[in-house]
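Worksheet for the structure shown next.
Each ligand, and each atom within it, is numbered from 1 in the order the structure gives.
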Amino acid sequence: MSKFLAPDYESLVPYTPGEQLNYKVIKLNTNESPFPPSPKVKDAVSGELIDRLRLYSDPEVKQLRKAIADEFGLDAENVFVGNGSDDVLAFSIMGFCGRGGEMCCPDISYGFYPVYADIFGVNLEEIPLEDDFSIDAKKYCNKGKTVVIANPNAPTGLALSSDDVEMIIASNPDNVVIIDEAYMDFCKTSCVDLVRKYSNLLVCRTFSKSHSLAGMRVGYGLAQKELIDDLNKLKFSFNPYNMNSVAIAAASAAIADNDYYSKNTDKIIETREKTKAELAAIGFEGTDSKSNFLFEKHKTIPAETLYKELRKKGILVRYFSKPRISDYLRITVGSQEEMDALISALKEIIKELS
Ligand SMILES: *Cc1c(COP(=O)(O)O)cnc(C)c1O
């Protein structure tokens with residue numbers, strides 16, 4: 001730390017992203033898609049667009065907001081877009097909690113929520129998950145503070161029912177409820193339809209997981225116009241050009257190619273279920289994940305050992321040395337070939353260690 005960093009930020013503990021290595025590994029640690037983006041994305045980002053990069057991007061991001069709105073039967077005024085959904089979450093927590101404000105989220109969830117609370121000076125209440133890692137929706141009702149929940153949750157993969165989500169939104173009419181649906185395409189119980197009904201709901205989504213565009217950095221928020229106007233007010237006060245022209249073109253092409261992405265999503269769900277059964281056969285047990293990752297522990301071998309041994313064999317998974325979840329590995333569901341390689345590596349490791 002230099003002597004110049006403002007005291008406000010001295011104690012900041014940054015988010016720790018999963019490793020990105022520049023040599024070839026089987027990468028099952030950051031929940032990316034094993035499939036390339038739609039061919040329509042490649043068409044959209046070539047040639048003419050490159051020539052136009054001398055111009056600023058559209059600060060209102062009209063093309064992409066319209067494309068996203070069309071997909072959900074909403075209007076462009078109901079869509080905010082950001083440089084990854086992390087950007088959308090940051091503006092939302094900044095804007096709807098405020099300095100010295102209050103928010104709550106589960107104690108085991110996306111690692112960025114506490115980091116944003118910290119950097120924006122928000123008091124965070126972390127509500128413990130139940131022993132089986134589920135979220136008890138009643139604990140999020142009538143909170144009198146901003147509520148942030150990932151549905152399905154990460155890293156557990158467990159989803160709340162649509163009724164529970166609506167109960168939480170309905171019982172907090174004076175606070176914004178942020179439902180982070182980063183993995184919802186693998187679960188298919190989205191609460192986007194409630195946007196028309198509730199003025200306090202903000203649904204956050206991303207192109208990084210189901211839409212194979214993690215490197216492009218595009219996420220979006222869906223809400224009634226007033227909330228979206230607030231987010232735009234913050235964005236235009238901070239970084240009006242948060243979306244670059246290439247990202248806008250790529251994501252606009254991607255969101256419209258449902259055929260391509262729903263096939264990929266179905267394949268990942270199928271591979272998820274198959275892999276879960278294969279893991280169970282070699283001594284793992286895990287949650288009923290509704291996302292594109294599995295959350296699993298082995299009955300005898302510690303997760304940290306498995307993580308290190310897999311790494312030696314060129315397979316990266318995610319291990320969190322955090323209370324309550326240090327027995328578990330979070331394993332991204334990759335292609336069927338990648339999962340086959342994972343299972344045979346695990347079989348070898350288990351044999352060597354038992
Ligand atoms: C991956 C993830 C995000 C961030 O996605 P980006 O759009 O890549 O910033 C947000 N929330 C959860 C729960 C995630 O797992």
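The protein heavy atom nearest to atom 1 (C) of ligand 1 is Lys209 NZ, 1.4 Å. In terms of protein heavy atoms, atom 9 (O) of ligand 1 is closest to Arg217 NH2, 2.8 Å.
Using a non-hydrogen distance threshold of 4.0 Å, Tyr183 registers as a contact of ligand 1. Ligand 1 lies within reach of Ser85, whose nearest heavy atom is under 4.0 Å from it.
For ligand 1 and Thr206, the ligand atoms under 4.0 Å from any heavy atom of the residue are 5 (O), 6 (P), 7 (O), 8 (O). The Ser208 neighbourhood of ligand 1 comprises atoms 6 (P), 7 (O), 8 (O), with distances under 4.0 Å to a heavy atom of that residue. Using a 4.0 Å cut-off to heavy atoms of Gly84, the atoms of ligand 1 that qualify are 7 (O), 9 (O).
Checking Lys235 against Asn242 by side-chain atom types alone, a donor-acceptor pair falls below 3.5 Å.
Checked by atom type and distance alone, the side chain of Ser109 never pairs as donor or acceptor with a backbone atom of Pro106 at under 3.5 Å. When atom types are taken as modelled, the side chain of Arg65 and the backbone of Glu60 share a donor-acceptor pair closer than 3.5 angstrom. Panel note: side chain Asn29, backbone Ile315; no donor-acceptor pair is recorded below 3.5 Å. Side chain of Thr305 to main chain of Ile301: no donor-acceptor pair is present (N/O by atom type, distance under 3.5 Å, no hydrogens or angles).
The distance criterion of under 3.5 Å between nitrogen or oxygen atoms is not met by Tyr113 with respect to ligand 1.
With Tyr328 as the fixed residue, the ring-ring contact (aromatic ring centres under 6.0 Å, His included) test singles out one of Tyr307, Phe320, Phe133: Phe133.
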Asp86 and Phe91: CA distance, side-chain angles, deciding distance, side chain to side chain contact (heavy atoms under 4.5 Å, CB included) verdict: CA-CA 9 Å; Asp86 289 340; Phe91 281 122; over 6 Å; no
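If you look at Asp180 next to ligand 1, the close heavy atoms, those under 4.0 Å, all belong to the side chain.
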